[in-house]
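This is a predicted model, so every value here is computed, not measured.
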Amino acid sequence: MAMDPTARDDEAVGREILRDFSDPEAGVFGPGEATVEATGAQALRHLLLQEGWVEDEAWIPYRYGLRGRSEDPWSAGARVRIESVGPESGKQWVRVHWSAFKGGRLDPEVEKRFTDRWATMARGPFAGLARHLIAFDDQQNPVAVTTVWSAGVGRPGLIEPMGVHRDHRGRGFGAAITRAGVTALKRMGASSATVNTESSNAAANSTYAAAGFISGAANYDLKRPA
């Protein structure tokens, strides 16, 4: 969840959020099990733990600093063709993303629904802050995708998501598309590129390390048991 940085240690704000979390009629969570990511919201985390919430999934933050770098990160590593796509041509992006995160057959009706949603996002109010990239191998197969998000010149940028097609893993395409995303953020004036991934996702952790990212201390989701 996002929180105003000035309110992260504000216990009164934390109690208001906790009240909404605890009341199904508030429309945040229904009864039973629930999970929240509240990194840095120390007052809220303390209150949630007092109320019986427990630490759940561990996430590893990664950072690639861009201040003072004259070279493009894309200059290192495997060379593949990178294409930036917009809302009118997102079908290939969606197909690779589906393979990376879901796998299996992509039903045409489901593909249309997901592509339409992707196009809506790509035309949305933050469209100008994003770059949607596809990597193609030397046979012109679409092999990996990422989207990067700028927070403005001089601010950290975000990589979310990044995925490699299941038929093309283990060949360095994840690191290649990640470096291309970092280069896109650099050209938009970002101070750094950041990403978070589950500690249990060995492939993603290896990819970001191979792309030159530095890992930080793990952050933990909080879960309310059923």
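Using modelled atom types, one finds a donor on one side chain and an acceptor on the other under 3.5 Å when comparing H46 with Q50.
Shown here are the side chain to side chain contact (heavy atoms under 4.5 Å, CB included) partners of T194, two or more places apart in sequence or in another chain: R63, P156, L158, S192. Contacts of A190 classified as side chain to side chain contact (heavy atoms under 4.5 Å, CB included), with partners at least two apart in sequence or in another chain: L66, L185. Residues satisfying the side chain to side chain donor-acceptor pair (under 3.5 Å) criterion with D56, sequence neighbours excluded, are absent altogether. A search for side chain to side chain contact (heavy atoms under 4.5 Å, CB included) contacts involving R169 returns A100, V164, R166, not counting sequence neighbours. Partners of E83 by salt bridge (Lys or Arg N to Asp or Glu O under 4.0 Å), not counting sequence neighbours, listed by chain and number: R81. Remark: R123 engages P87, A119 in a side chain to side chain contact (heavy atoms under 4.5 Å, CB included) (not counting sequence neighbours). E55 is linked by a salt bridge (Lys or Arg N to Asp or Glu O under 4.0 Å) to R45, counting only residues two or more places apart in sequence or in another chain. Partners of E16 according to the side chain to side chain donor-acceptor pair (under 3.5 Å) rule, which considers only residues two or more places apart in sequence or in another chain, are R19.
The environment of CZ in F101 is crowded: more than 12 heavy-atom neighbours from other residues, nucleotides or ligands sit within 6.0 Å. Enclosure of atom CG in L106 by more than 12 non-hydrogen atoms of other residues, nucleotides or ligands within 6.0 angstrom is indicated. Residue-environment remark: OH (Y220) stays at or below the threshold of 12 foreign heavy atoms within 6.0 Å. Remark: R113 CZ is packed, more than 12 non-hydrogen atoms of other residues, nucleotides or ligands lying under 6.0 Å away.
Among all heavy-atom pairs drawn from L47 and G14, the shortest one is CD1-C, 3.6 Å. The two atoms that bring F213 and A193 nearest to each other are CE2-O, 3.5 Å, heavy atoms only. The two residues I134 and P142 have their closest heavy-atom pair at CG2-CB, 4.0 Å. A175 and A211 make their closest contact through O-CB, 4.1 Å (heavy atoms, listed as atom of the first residue, atom of the second, distance). Of all heavy-atom pairs between A122 and H132, the closest is CB-NE2, 3.9 Å. Pairing each heavy atom of G90 with each of W118, the nearest pair is CA-CZ3, 3.4 Å.
Side chains of V153 and M188 form no contact here, defined as non-hydrogen atoms less than 4.5 Å apart. Between F21 and V36, some side-chain heavy-atom pair lies under the 4.5 Å cut-off. Contact of the L133 side chain with the V145 side chain is not registered, since no non-hydrogen atoms from C-beta on lie closer than 4.5 Å. Within the 4.5 Å cutoff, no side-chain heavy atoms of E198 are placed close to those of I60. A heavy-atom distance below 4.5 Å is found between the side chains of I159 and T146.
Within the structure, side-chain hydrogen bond (donor to acceptor under 3.5 Å, both in side chains) pairs that include any residue of residues 208-219 do not occur (at least two apart or interchain). Counting only residues at least two apart or on different chains, no side-chain hydrogen bond (donor to acceptor under 3.5 Å, both in side chains) pair has a member in residues 20-34. Legend: side-chain hydrogen bond (donor to acceptor under 3.5 Å, both in side chains) pairs involving residues 85-98, not counting sequence neighbours, sorted by first then second residue: R95-E111. Sorted by first and then second residue, the ring-ring contact (aromatic ring centres under 6.0 Å, His included) pairs with a member in residues 176-200 form an empty list; sequence neighbours excluded.
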Run the side chain to side chain contact (heavy atoms under 4.5 Å, CB included) test on R131 and T147 for me, step by step, so that the C-alpha distance in whole Å, both residues' side-chain angles and the decisive distance to 0.1 Å come before the verdict. CA-CA 6 Å; R131 298 291 184 273; T147 292; over 6 Å; no
Could you check R155 against S150 for side chain to side chain contact (heavy atoms under 4.5 Å, CB included), going step by step and ending with a plain yes or no? CA-CA 8 Å; R155 295 180 176 181; S150 169; over 6 Å; no
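V28 and L18 end up in the same hydrophobic cluster when Ile, Leu, Val, Met, Phe, Trp and Tyr side chains are linked at under 4.5 Å. A chain of hydrophobic side-chain contacts below 4.5 Å, direct or via other Ile, Leu, Val, Met, Phe, Trp or Tyr residues, connects V85 to F114. W149 and I177 fall into different hydrophobic clusters, where Ile, Leu, Val, Met, Phe, Trp and Tyr side chains are chained together by heavy-atom contacts under 4.5 Å. Linking ILVMFWY residues whenever their side-chain heavy atoms come closer than 4.5 Å, directly or via other members, leaves M162 and L129 in distinct clusters.
Each of T197, N205, T207, N196 was checked for a side-chain hydrogen bond (donor to acceptor under 3.5 Å, both in side chains) with Y62, and the lone residue meeting it is N205.
E37 places a side-chain N or O within 3.5 Å of a backbone atom of T39 that can act as its donor or acceptor partner. A donor-acceptor pair under 3.5 Å links the side-chain atoms of D10 to the main chain of A12, judged by distance alone. The closest donor-acceptor contact from the side chain of R224 to the backbone of L48 lies at 3.5 Å or more, if one exists at all.
A salt bridge does not link D221 with K223: every distance from a Lys NZ or Arg NE/NH1/NH2 to an Asp or Glu carboxylate oxygen is 4.0 Å or more.
For the pair R171 and F173, the cation-pi test (distance below 6.0 Å, angle within 45°) is failed.
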